[in-house]
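What follows is a single structure, written as structure tokens, with notes after it.
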Amino acid sequence: MLHELTGLGGVIAGLRGELRRNPLLATAMEEHFIASRRAAVTSVFERARARGELAAGASWTT
């Protein structure tokens, strides 16, 4: 995901501000961009937990 953000600092900063002001945009970003990436990262942590690399009580969600 980081490679997608390289060189886009200004765009990302503007988008973050707009997400706060535009609920339709925020919903679309959540459904079409953020949710899939969150699921991928969650899968990585779940597999690490299954291998015993994370404590049973460790949380990676906010």
Side-chain angles (χ1 to χ4, degrees):
M1 184 163 75
L2 289 177
H3 68 278
E4 296 171 343
L5 302 178
T6 302
L8 297 177
V11 172
I12 299 301
L15 181 58
R16 287 189 55 172
E18 190 59 27
L19 291 173
R20 291 187 191 113
R21 291 186 292 274
N22 187 330
L24 291 174
L25 179 60
T27 298
M29 283 293 294
E30 174 64 33
E31 291 175 357
H32 300 288
F33 184 79
I34 296 169
S36 63
R37 282 151 178 83
R38 181 181 297 121
V41 170
T42 297
S43 176
V44 168
F45 283 106
E46 287 173 345
R47 290 192 315 267
R49 178 176 283 165
R51 291 188 304 265
E53 296 172 355
L54 292 176
S59 175
W60 56 86
T61 61
T62 57

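Scope of the values below: all heavy atoms of this structure, side chains included, with no hydrogens, waters or symmetry mates. Count residues from 1 along the sequence.
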Carboxylate-amine/guanidinium proximity below 4.0 Å for E18 and R21: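 Here E18 pairs with R21 in a salt bridge, since their nearest N and O are under 4.0 Å apart.
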What residues, two or more places apart in sequence or in another chain, satisfy salt bridge (Lys or Arg N to Asp or Glu O under 4.0 Å) together with R16?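 For R16 there are no salt bridge (Lys or Arg N to Asp or Glu O under 4.0 Å) partners, ignoring immediate neighbours.
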Pairing residues for E31 by the salt bridge (Lys or Arg N to Asp or Glu O under 4.0 Å) criterion, not counting sequence neighbours: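 Not a single residue meets the salt bridge (Lys or Arg N to Asp or Glu O under 4.0 Å) criterion with E31.
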Checking S43 side chain against A39 main chain: does a donor-acceptor pair fall under 3.5 Å?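 No, because the side chain of S43 does not come within donor-acceptor range (under 3.5 Å) of the backbone of A39.
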Nearest atoms (heavy-atom pairs only) where L25 meets N22: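 In this case the closest contact between L25 and N22 is N-OD1, 3.0 Å.
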Applying side chain to side chain contact (heavy atoms under 4.5 Å, CB included) between I34 and each of R38, H32, R37, report the one that passes.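 That would be R38; it is the only one of R38, H32, R37 passing the side chain to side chain contact (heavy atoms under 4.5 Å, CB included) with I34.
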What is the distance from atom CE of M29 to atom CG of L24, rounded to the nearest 0.5 Å?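 Answer for the CE-CG pair, M29 versus L24, is 14.0 Å.
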